[in-house]
Structures are given as C-alpha cells and as structure tokens.
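Let me begin by presenting the structure, written as structure tokens, before commenting on it.
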Amino acid sequence: MGSIGYPDVQPLEIFSKRGQNAVELGSKRIIWDVISDMWNPDTNPSGILSIGMAENTLLHNTLLQYIEANFRLSAEHLTYNNGSMGSNALRKAVSHFLNRHFNAFRPVEPSHILMTNGCSSAIEHLSWAFVNPGEGVLLGMPYYSTFIADISLRPEAVVIPVKMGNVDPLSIESVDLYEKAAVEFEASTGRRVRAVILCNPHNPLGRCYPRETIDKFMEFCQSRQMHLISDEIYALSVWENRVDKDIPFTPFESILSRDITRLIDPSLVHVLWGMSKDFGANGLRVGAIISQSNPELHIAQKCLSLYSFVSGMSDQITASILSDDHFTDKYIEMNRERLSLSHQFLVHALNKHKIEYLRGCNAGFFLWVNLGAKYLAAHPEEEGRATDLTDRIFQKLLDNKVYVAHGTAYGSENPGWFRLVFAHPIPWLMEAMARIVCAIQ
C-alpha cells in the first residue's frame, strides 16, 4: 500500500496516455531552461547565449517606443470585448494590413480572419478541425520543429515527414515526394492524409517557394481533397542577400495574392500570419488564420477560440500598429535593412572560420549551417561516430553556454547540421560565434 493507504502506482500511471506523451516530450524540451538563463552582458554575463530561437531583437527599441507612445486602453479591453476570435478593431486592422502588404487578389475582410494567441495555436486549431486522430498531415524535411507538437500533441494527428534526399525541398520536383509519402501512409495505415503544411518563406532554409511549386501543391491537394496550410509568418522578412550575388533569388508571393480558383477549391486553402516574426514581437502572442472561403471553419472556431483568446492588451497594441501605414512601412524597410546587414556579418564570420552553410537565403532570420564537418576536422578520431554527431556537438555548444537549433529536431536528413538565427545585433553575433568556434574546435 502507498503511504496514505492508496495502492502503489508508477508516477506516470496517474496520467492519461496524452499526459504521458507530454511528459516524454517535455523532458526533451530544453528551450524553456535556456530562456530562464538567457545571456545578458550586463545582468547575466554567465548565461546561455541563444541564436537558436527564432526571435528578432533588431528593432525592439523602435517597437517599444511606438507602443509606449500609442498604447491607449479603455474599459472594453478589460472585458471579453467583441469575443474570442479578436476584436472588431483588431480584425479590421489585420485585414487592412494584409491587403496592403500581401497584395490580396480577393480583398481580405475582417470576417475572413480568426485571431489566435500566436500561430502555434492557429496550427493546432486547423489540425483539430480538419484531421481526425490517427490521420496524416504531410510535412517536408527539413521543417520547423514545433510544427510536430502543434499538429499532433493535442489534436492527435500524425505528422508524415517527407524525405527529400537530393531533391531541393522547394522545387516543383519535391511535390512528387509528398504524393509518394501520402500513398505509402494510406496504404500502410488505412487512414487518410488530410493536409499539407508549408512554411513560406521557409524555416529553416530561408528561401521562398517558386510560383510553379505552389501551383503544383494546390493541384496535388485538389486531386486528393486535402487542405493546404500556408504559414506565411516570415512574409515581410525578405531582404537583400549582399553576399551570394551569383545566385538568383525567388521573391515572396503570398497565396492571398493569387487567383487560385482554377487550381484548387478555395475552401481548402488557409493562410497564417502573426506579429512574432515580421515585427519581432513573439511576446505579444498574436496570430491569425485567414480562411476566405470556409465559413464552417469560422463557426467551429466560436467554441475552439476560447482556448486561444488574444489578451485585450495585445489586441489593442496590434490594432494600433497595423492601422498606422506610415509606421509599418518604415518599420518593414528598417527591418529588412537590419536583417541584410546581420546576415552579411554572420556569413563573413562563418567563411572566416571555414564553416559550411547553405547559400542563397533571402528571407527569415536563419542560416542552415554544417557544424559537423568543422567539428570532425578538429576531431578526426570521431569520424566513425556519425549517428550521434549532432547530439554530441549540441551538448558541447551548451557546455560553452551557446544555444543553437538542433538540426535533427528540425528534420535534417544529414548529421551535423544546425539552424543559426542572425536577427540580433552584431555584438550578440560576435559573442555567439566565439562560443561556437570554441565548442567545435
């Protein structure tokens, strides 16, 4: 018997299967430990320096100054306001902003928008609404790691990673690999594949999908009556690559800017955007689902959105920012310039230390970097231990108080690759590179 008269049980036996899965996943999720001990040259010089989280700190002071000058609360912001899917003012501001900056073919109306407390909640809502437990969602490798939990942890959908091999993950040829993965999943499980999720611009590769690839994805989804979810959270963080000038760059083009009716039933297409990346405001927790032709989804969200209610404070701040055309135009221009300069600095630092990286990015905050080759050059005795190479390098980086995104967790098909985030001031990047070089040499 237990100490107070209850039968002896194992600790996890008091959890549901879902709870047990969460315990297992949570034990591997060190990111929150990193956040609790973040490096600051003044207040915490012994902390962990992160260039692994996709945070953009380049214009924090600019955004804070604007918020402090324009933050106006009223009594309605202390109430449920206009409901859990975003206030009227917020949805009006988002629709106005998207129509201007995403060049919407069909004007985005406030009624097309579902506001959530970040895009993770948005993805989870779509997975819950469209995918039965055990059914599949296709996700190309490499991928943003948190897509896995967003899609599967609570909705209990199955993520089907699509291996690319030697195929460019953003090329039109990649769509055939998605179809192959869908056929194999359905044949082996007897369950349907319900959706494809794309990140455009791509995280972690930092490039934009060509129009012909998106067209083929739409035709593919139409042929199987699958939903196409386009996560466009980095849409306005497209910048000039001043290093790889010999490489042609694909500009960003939102699905919202296209007449898609000849390619796919518009009710199957859903676009995501939020304040976290383009405005460097992860902490506001504001995301949006833009679904222009699926009114039933909006009805379903009337009950689901209670669990992703945007706070009244964040609602007011975001509505104010996105309604101000002069500020947003200037901010986006400044952000692109800062990202371009930070990318240039990090690339020069990598080249100086002869560290391989994937050339040709022009969007997002990150470089896809091969630390494994440099590490093995310094430690030839470990050449035969490729299977746990990424884990060993990751631990050495942590031992040197620097956090980068683990490539295997991001769906890398090759060991030794990591995602480095450069959307930080130059002194931050200098310190990060010093710690990385120390760790791998």
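- Between V108 and Q292, the closest side-chain pair of non-hydrogen atoms falls below 4.5 Å.
- Side-chain contact of S308 with H125: a donor-acceptor pair under 3.5 Å is present, judged by distance alone.
- When atom types are taken as modelled, the side chain of Q222 and the backbone of D265 share a donor-acceptor pair closer than 3.5 angstrom.
- Sequence neighbours left out, not one pair with a member in residues 155-174 passes ring pair (Phe, Tyr, Trp, His ring centres under 6.0 Å).
- Annotation: W239 is in aromatic contact with F422 [ring centroid separation under 6.0 Å].
- Residues passing the side chain to side chain contact (heavy atoms under 4.5 Å, CB included) test with I48 are V34, D37, K401, Y403, sequence neighbours excluded.
- One distance of note links CD1 of I229 with CD1 of I151; it measures 7.0 Å at 0.5 Å rounding.
- With values rounded to the nearest 0.5 angstrom, L346 atom CG is found 6.5 Å from M433 atom CE.
- Under the 3.5 Å distance criterion, the side-chain polar atoms of D244 are matched with a main-chain donor or acceptor of G360.
- Pairs passing the side chain to side chain donor-acceptor pair (under 3.5 Å) check and including a residue from residues 145-158, sequence neighbours excluded, read R29-T146, S120-D150, E124-R154, Y144-T146.
- Not counting sequence neighbours, the partners of R242 by the salt bridge (Lys or Arg N to Asp or Glu O under 4.0 Å) test are E240, E337.
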(message) The test is side-chain hydrogen bond (donor to acceptor under 3.5 Å, both in side chains); show your working for H343 and N362 and say whether it passes.
(response) CA-CA 9 Å; H343 167 265; N362 67 325; over 6 Å; no
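- When the options F366, F279, F252 are evaluated for a ring-ring contact (aromatic ring centres under 6.0 Å, His included) with Y234, the one that passes is F366.
- Relative ring orientation between F102 and W273 is described as perpendicular, the plane-to-plane angle rising above 60° on a 0-90° scale split at 30° and 60°.
- H353 contributes no side-chain N or O that, together with a main-chain N or O of I355, makes up a donor-acceptor pair within less than 3.5 Å.
- Residue pairs meeting the ring pair (Phe, Tyr, Trp, His ring centres under 6.0 Å) criterion with at least one partner in residues 154-177, sequence neighbours excluded, do not occur; the list is empty.
- The CZ atom of R258 sits 12.5 Å away from the CG atom of N103 when rounded to the nearest 0.5 Å.
- In this structure, the side chain of E186 engages the main chain of V193 through a donor-acceptor pair within 3.5 Å.
- Applying the 6.0 Å contact sphere to CZ of R106 captures more than 12 heavy atoms from other residues, nucleotides or ligands.
- A salt bridge does not link K216 to E212: none of the charged side-chain nitrogens sits closer than 4.0 Å to a carboxylate oxygen.
- Using a 4.0 Å cut-off between a side-chain N of Lys or Arg and a carboxylate O of Asp or Glu, D231 and K277 do not qualify as a salt bridge.
- Applying the ring pair (Phe, Tyr, Trp, His ring centres under 6.0 Å) test to every pair with at least one member in residues 160-214, sequence neighbours left out, gives these pairs: Y178-F217.
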